[in-house]
Amino acid sequence: MTIKEQLEKISRNTQEIINLEELESKLSRKSKLKVKLGIDPTANSIHLGFAVVLRKFKLFQDLGHETILVLGDFTALIGDPSGKNKTRPMLTQKEIEENLKTYLPQLGKIIDLQKTKIVYNSQWLSNLKPEEIIKLTSRYTLAQMLEREDFKNRYKSNEPISLHELMYPLFQAYDSVYLQADVELGGIDQKFNFIVTRYIQEKYNQEPEVAIMLPILEGIDGVNKMSKSLGNYIGIDEDPLTMFTKIMSINDNLIKRYFQLCTNLPEENIEKFFKIYENPRDIKYILAKEIVSIYHSEEKANKAYEEFVNIYSQKNLPSHIPFFKINSELIDSQNNLNIIEALYAAGILESKAEAKRLLSQGGIYLNGQKLTQKIVKFQKPFIIRIGKFNYYQIEVK
RNA sequence: GGGCAGGUGGCCGAGCGGUCAAAGGCAUGGGACUGUAAAUCCCACGGGCGAGAGCCCUUCAGUGGUUCAAAUCCACUCCUGCCCA
């Protein structure tokens, strides 16, 4: 593949590259670039937002470059302050290990683990002597650090900034120095860290890495970036139906973006869908099928589609309804059951007050009938619906 | 080290002795409308008891105190920010 073709593929759907000329120059000099991707093992599941970056990483693997995955077990102790207005809680070594256990198999769904060199940055960062840390920190100034948006904002609004947080970009930079990275991948929110890294690499007499920054995918709320803590994420390990449903619930104006960032479909196809279909829902169907196919299979995607139409469009019962058990004492000799007690006892709702609220607001249905009073006859099957689409089946122990 | 200002529900933020389970906003949940959404409107949003008006319990950083009564006053402790050194 020519350099031009590589550049074209690499830069597709990126948000910013610092900078393209350097990348071209590197490609012309080396056939194998060292491509670094740092991940913070603070989460234990990968969502579509991070998948955007991983997919680009996979591209470099396909192009035959050396791909290095840096598991930031050391830097996770600090917590990346990017985009945060609060100090992150420090993770313990144990929590990090737990997270990694579930993390790696998920990574394998997107990237080729065989071709991936996996390293832990504690390998070198933990061995840094205080003298070396001083040397590292002497290369950057407080004013430079405070230029960073998140720090600036926090500083201005009298929010605390712990000293260790200032170290984060420096340690991340040191990773690249240690690994002699040619290219680093990340979200656009990493821009500051990348700039620091390039700067530090030069201070260590290295050629600065090329920073390839990908867009930040919005979560299903359509506003905030996709993140687990905001609860607006779509995990790549979620079951097909959940995934399908979540994709269907994204904002209409995100459809195109999801197509571009989460699927492999060429631009022309995407444009075509918008021409063919009037109802955005139908384009979302294609999108959802496409994404579910990537992480599960085409067959499962089609099944998820059928199930979705069944439940949400035709308002039929889902094919699987979770069972919850209650004690037989809750049912009296007349076969009466207090639905509030039952929902609470079965563990479906957190408190009886919540059950009462839902009942008085008409949010509880028994076998399709809206309940208006709390005493009901127990019958089989006993299928409870809460809200529009949450189904539960109650059985007697 | 000295001076000052703060720490309130999932988050932000009012309250500053009784009328406080604590205004308002955001988030969330339910209902209406829909395309599964979004937007909009209505309602709810610590827990327990009660059909219900209502009653009770646990909350306003922590501990101890003053008071008939404390988120509100006092003391100490912890945490945060600002100014001076």
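Order of the sequence lines sets the chain letters (A, B, ...), proteins ahead of strands, with each chain counted from 1.
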For this session: Indicate for each nucleotide in nucleotides 29-45 of chain B, in 5' to 3' sequence, whether protein heavy atoms under 4.0 Å reach the base (B), only the sugar-phosphate (S), or nothing (-).
Result: BSSSBBBBBS----BSS
Exercise. Which residue pairs pass the salt bridge (charged side-chain N to carboxylate O under 4.0 Å, His left out) test with at least one member in residues 46-56 of chain A, sequence neighbours excluded?
Worked result: none
Problem set entry | salt bridge (charged side-chain N to carboxylate O under 4.0 Å, His left out) contacts touching residues 238-263 of chain A (sequence neighbours left out) | Glu218(A)-Arg257(A), Glu238(A)-Lys246(A), Asp252(A)-Lys284(A), Lys256(A)-Glu271(A)
Exercise. G9(B) pairs with which nucleotide, Watson-Crick or G-U wobble, both distances below 3.5 Å?
Worked result: none
Problem set entry | Whole-angstrom distance between G29(B) and C45(B), as gauged at atom P | 16 Å
Problem set entry | Within residues 125-145 of chain A or reaching into it, pairs that qualify as ring-ring contact (aromatic ring centres under 6.0 Å, His included) - sequence neighbours excluded | Tyr140(A)-Tyr199(A)
Problem set entry | G15(B) and G7(B), which share atom name P, separated by this distance in whole Å | 10 Å
Problem set entry | A61(B) and G50(B), which share atom name P, separated by this distance in whole Å | 33 Å
Heteroatom pairs (N/O) under 3.5 angstrom, protein to nucleotides 3-10 of chain B:
none

Problem set entry | salt bridge (charged side-chain N to carboxylate O under 4.0 Å, His left out) partners for Glu395(A), two or more places apart | Lys325(A)
For this session: Using the P atom on both, measure U72(B) against G64(B) and round to a whole Å.
Result: 14 Å
Exercise. Which residues pass the salt bridge (charged side-chain N to carboxylate O under 4.0 Å, His left out) test with Arg281(A), sequence neighbours left out?
Worked result: none
Exercise. Tracing side-chain links under 4.5 Å among I, L, V, M, F, W and Y, which residues wind up in one group with Phe382(A)?
Worked result: Phe324(A), Ile326(A), Leu330(A), Ile331(A), Leu337(A), Ile339(A), Ile340(A), Leu343(A), Ile348(A), Leu349(A), Leu358(A), Leu359(A), Ile364(A), Leu366(A), Leu371(A), Val376(A), Phe378(A), Ile384(A), Ile386(A), Tyr392(A), Ile394(A), Val396(A)
Exercise. Which value, in whole Å, describes the distance between the P atoms of nucleotides G6(B) and G10(B)?
Worked result: 24 Å
Exercise. If you measure from the P atom in G9(B) to the same atom in U59(B), how many Å do you get, rounded?
Worked result: 14 Å
Exercise. Between Phe151(A) and Arg154(A), is there a cation-pi geometry (under 6.0 Å to ring centre, at most 45° from the normal)?
Worked result: no
For this session: Take the protein atom CD of Gln373(A) and the nucleotide atom P of G50(B), then report the distance between them rounded to whole Å.
Result: 16 Å
Exercise. With sequence neighbours left out, what residues match Lys370(A) under salt bridge (charged side-chain N to carboxylate O under 4.0 Å, His left out)?
Worked result: none
For this session: Write down the distance separating the P atoms in G52(B) and C20(B), rounded off to the nearest Å.
Result: 23 Å
For this session: Give every residue pair that meets the ring-ring contact (aromatic ring centres under 6.0 Å, His included) criterion with at least one member in residues 204-251 of chain A, sequence neighbours excluded.
Result: Phe244(A)-Phe308(A)
For this session: Take Tyr277(A) and Tyr285(A) through the ring pair (Phe, Tyr, Trp, His ring centres under 6.0 Å) test and state the conclusion after the steps.
Result: CA-CA 11 Å; Tyr277(A) 296 101; Tyr285(A) 279 147; 9.2 Å; no
Exercise. What does C76(B) pair with, Watson-Crick or G-U, if both distances are under 3.5 Å?
Worked result: G62(B)
Problem set entry | Side chain of Lys374(A) - closest among C49(B), G47(B), A51(B) | A51(B)
For this session: Determine the minimum heavy-atom distance between Met145(A) and Leu166(A), stating which atoms define it.
Result: CE-O, 3.2 Å
Exercise. For Asp182(A), what residues pass the salt bridge (charged side-chain N to carboxylate O under 4.0 Å, His left out) criterion, not counting sequence neighbours?
Worked result: Lys26(A), Lys30(A)
Problem set entry | Any-strand Watson-Crick or G-U partner of A21(B), both distances under 3.5 Å | none
Seminar exercise, completed: Checking N1-N3 plus N6-O4 or O6-N4 for Watson-Crick, or N1-O2 and O6-N3 for wobble, each under 3.5 Å, the partner of C4(B) is G81(B)
Exercise. In the structure shown, which nucleotide is the Watson-Crick or G-U wobble counterpart of A32(B), with both distances under 3.5 Å?
Worked result: U40(B)
Exercise. Expressed as a whole number of Å, how far does the C1' atom of G47(B) sit from that of C41(B)?
Worked result: 30 Å
Problem set entry | Strand partner of A14(B), provided both Watson-Crick or wobble distances fall under 3.5 Å | none
Protein-nucleic acid N or O pairs under 3.5 Å, nucleotides 81-84 of chain B:
from: G81(B); atom 1: O2'; to: Asn158(A); atom 2: OD1; distance (Å): 3.4
from: G81(B); atom 1: O2'; to: Asn158(A); atom 2: ND2; distance (Å): 3.1

